[in-house]
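Only one structure is covered here, and it is reproduced in the block below.
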Amino acid sequence: MNIKLALSVIFLWNMVSQVHAGIYVEISGGQSSGLPIAIVPFNVEGADKSELEDISQVVRNDLDNSGQFKATPIHDIRQFPHKIHQVDFPYWQSLGVEDVVIGHIQKVSGSRYSVHFELLDVIRQKTGNMGSAPLLAMQFDNIEPKQFRALAHHISDLIFEKLIGIKGIFSTRIAYISVLPGTKGDINTLEVADSDGFNPKPLYRSTFPLMSPSWSPDGRQIAFVSFDKDRASINIVDVITGKVQKVTQFPGLNQAPAWSPDNRTLAVVLSKDGSPKIYLVDLVEKKLNRLTDGSSIDTEPYFTPDGNAVVFTSNRGGKPQIYKVALATKKVERLTFTGDYNAKPSVTPDGKRLVMLHRGDDGLFSIAVQSLKTGELKLLTRSSLSDSPSLAANGMMVLFGLEEGDKEVLGAVSLDGRVKIRLPAREGNVKDPAWSPFALSKS
Amino acid sequence: MVKILKAALFVALSVGLVACSTKKNGGMGSDNYGVGDSVQFYGTNLSPQQEKDLLAKRTYHFGYDSFDVNDEDTLSIYAHAKRLLNSPRSKVRVEGHTDERGSREYNVALGERRAQAVANVLMLKGVPQEQISIVSYGREKPAVHGHDESAWSQNRRAVIVYEVE
């Protein structure tokens with residue numbers, strides 16, 4: 001019931017913003033639990049509400065899509081307080097919510113607004129004394145309407161962190177490859193967008209395939225693979241200026257770039273010396289060092305969060321499995337033992353879990369998470385063909401590619417499996433996603 | 001049977017190559033070993049038309065998880081080797097492809113193994129490396145769209161593309 005209502009709200013939201021968005025968000029698997037929260041529509045003073053981005057709605061969608069919250073559908077809300085003394089706590093308690101968000105937007109001058117919001121704990125504030133302070137109360141001044149969405153995501157991040165205790169990812173961005181049919185074949189575009197699919201911005205376009213976008217840890221650059229003129233190369237594009245520099249274009253493979261946490265080294269895969277091997281490119285000193293040896297395929301490097309090792313896919317044991325190589329010793333250790341196809345690894349920020357592509361006994365490719373301590377494996381997706389898992393900065397969600405019939409869409413799933421989201425393209429296909437880090441420089 | 005045929009072809013081609021290089025050293029024209037000249041290259045079994053057909057074939061399919069060139073494809077790849085040897089300015093790009101299943105980047109590596117297998121046959125016949133480039137698209141450029149074995153088997157392939165005819 002609640003999910004259905006939430007869906008219709010999201011649909012409406014999509015209709016309104018259809019012009020801007022390259023991809024959109026849709027809940028595809030229900031969150032049955034989650035912290036119940038109500039986000040009251042913000043009061044607007046001195047301006048026409050309908051002409052402004054609805055901050056409360058963006059917050060509601062953010063929290064709902066996170067899987068950690070169950071936001072009261074707007075249709076179920078009958079009271080609209082915007083100041084703490086107007087809040088009838090027993091009413092909110094009767095709705096079963098634990099927290100309420102209220103807000104107020106005021107036009108100050110010209111195109112400048114101030115935005116105020118408060119996060120209230122229903123139980124504590126009802127039973128406690130009237131003087132008990134809100135969990136959060138913040139004011140933002142000098143805000144332009146075009147900044148409303150970004151501010152809304154920021155508010156979602158603040159609420160998320162306050163109530164869940166982990167940093168929110170609503171202000172992060174995603175990169176992906178969009179494929180549109182053109183008159184002379186497909187048009188491939190490396191695009192970045194807000195994590196909810198809004199504000200898409202093209203960064204690099206080609207009639208040849210594009211692959212493997214990877215964000216630099218400072219969020220300023222994206223490394224990716226292009227095949228311009230049928231030659232593979234690894235490139236870095238500046239997210240703000242769009243300036244592109246070529247990093248490697250050796251004969252053979254140039255693929256799968258991945259950044260070290262200190263932003264200085266790019267792990268890449270080259271086959272210039274024979275088999276596909278992992279190399280480290282020192283971006284400051286422009287030096288190339290080979291990290292792995294042998295005649296096997298080694299690919300899909302990913303730095304561990306401490307920066308001391310690289311996990312990668314290798315068929316050195318016959319079938320693709322995940323291995324780890326220590327940078328200091330070059331000692332290699334196998335990490336996966338369940339199933340005969342594990343690939344495209346990434347490690348959660350706490351270093352405790354491995355997220356990867358796993359082929360099950362049924363032959364289907366799923367996104368899976370494995371405890372590095374116990375080796376226990378859990379499948380997060382069980383439908384059709386999935387690929388290219390990419391972890392969110394807080395390690396709570398995974399973005400991935402999903403084939404649905406002849407359509408390629410993006411999906412996201414929480415690591416606890418509680419929420420599943422689809423992010424289809426409005427037109428054409430989207431694939432090969434990469435979730436940005438926290439540290440972002442917004443354009 | 002096929003093995004014997006292959007061995008015979010190899011010998012025949014080697015003879016052709018020796019002849020070719022001798023001729024090169026002598027500074028003579030290279031037309032003697034063109035498409036129509038079936039006798040010295042293949043023995044007496046192939047007509048000019050048959051050789052033309054072999055050159056028309058440029059896509060070679062592979063089994064699942066396999067990088068072995070199929071026996072029935074070697075003859076066609078030999079024909080391309082001969083053509084490249086006879087026209088040293090020609091350049092080919094060998095493209096490797098996989099089906100849609102599995103990890104994108106791992107598939108690029110698998111696709112390269114297929115392209116490399118075909119390139120190896122060319123080089124084994126003496127085609128200089130400078131005339132061959134390799135690119136693997138993995139699963140990114142399927143020949144056929146579809147999610148069944150018939151589509152997959154058509155997509156597991158290596159393709160010879162002439163960049164300079």
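The chains referred to below are lettered A, B, ... by the order of the sequence lines, with proteins before strands, and numbering in each begins at 1.
You'll find the ring centres of F62(B) and F67(B) outside the 6.0 Å limit.
Residue P251(A) does not touch chain B at all, counting heavy-atom pairs closer than 4.5 Å. Contact annotation for S133(B): only side-chain heavy atoms (C-beta onward) come within less than 4.5 Å of a heavy atom of chain A. The parts of D432(A) that come within reach of chain B are both its backbone and its side chain, each placing non-hydrogen atoms under 4.5 angstrom from that chain. When heavy atoms are compared at a cutoff of 4.5 Å, L357(A) approaches chain B solely by way of its side chain, counted from C-beta outward. For N315(A), the parts sitting under 4.5 Å from any heavy atom of chain B are the backbone and the side chain alike. Contacts of R93(B) with chain A are made by side-chain atoms alone, with heavy-atom separations under 4.5 Å and no backbone atom involved. Interface residue Y341(A): only side-chain heavy atoms are found under 4.5 Å from chain B. With a threshold of 4.5 angstrom between heavy atoms, S212(A) approaches chain B through its backbone and through its side chain.
Crowding of K229(A) atom NZ: a count of heavy atoms from other residues, nucleotides or ligands under 6.0 Å not exceeding 12. Heavy-atom contacts from other residues, nucleotides or ligands closer than 6.0 Å to CG of D148(B) number more than 12. In R334(A), the CZ atom is crowded: over 12 heavy atoms of neighbouring residues, nucleotides or ligands sit closer than 6.0 Å.
A donor-acceptor pair under 3.5 Å is formed between the side chain of S76(B) and the backbone N or O of K57(B).
When R359(A), Q370(A), Q321(A) are each tested for a side-chain contact (heavy atoms from CB on, under 4.5 Å) with N342(A), only one passes: Q321(A).
Residue with the most contacts toward chain A among R113(B), E163(B), Q116(B), K141(B): R113(B) (heavy-atom pairs, distance under 4.5 Å).
With hydrogens and angles left out, the side-chain atoms of N235(A) and S226(A) include a donor and acceptor closer than 3.5 Å.
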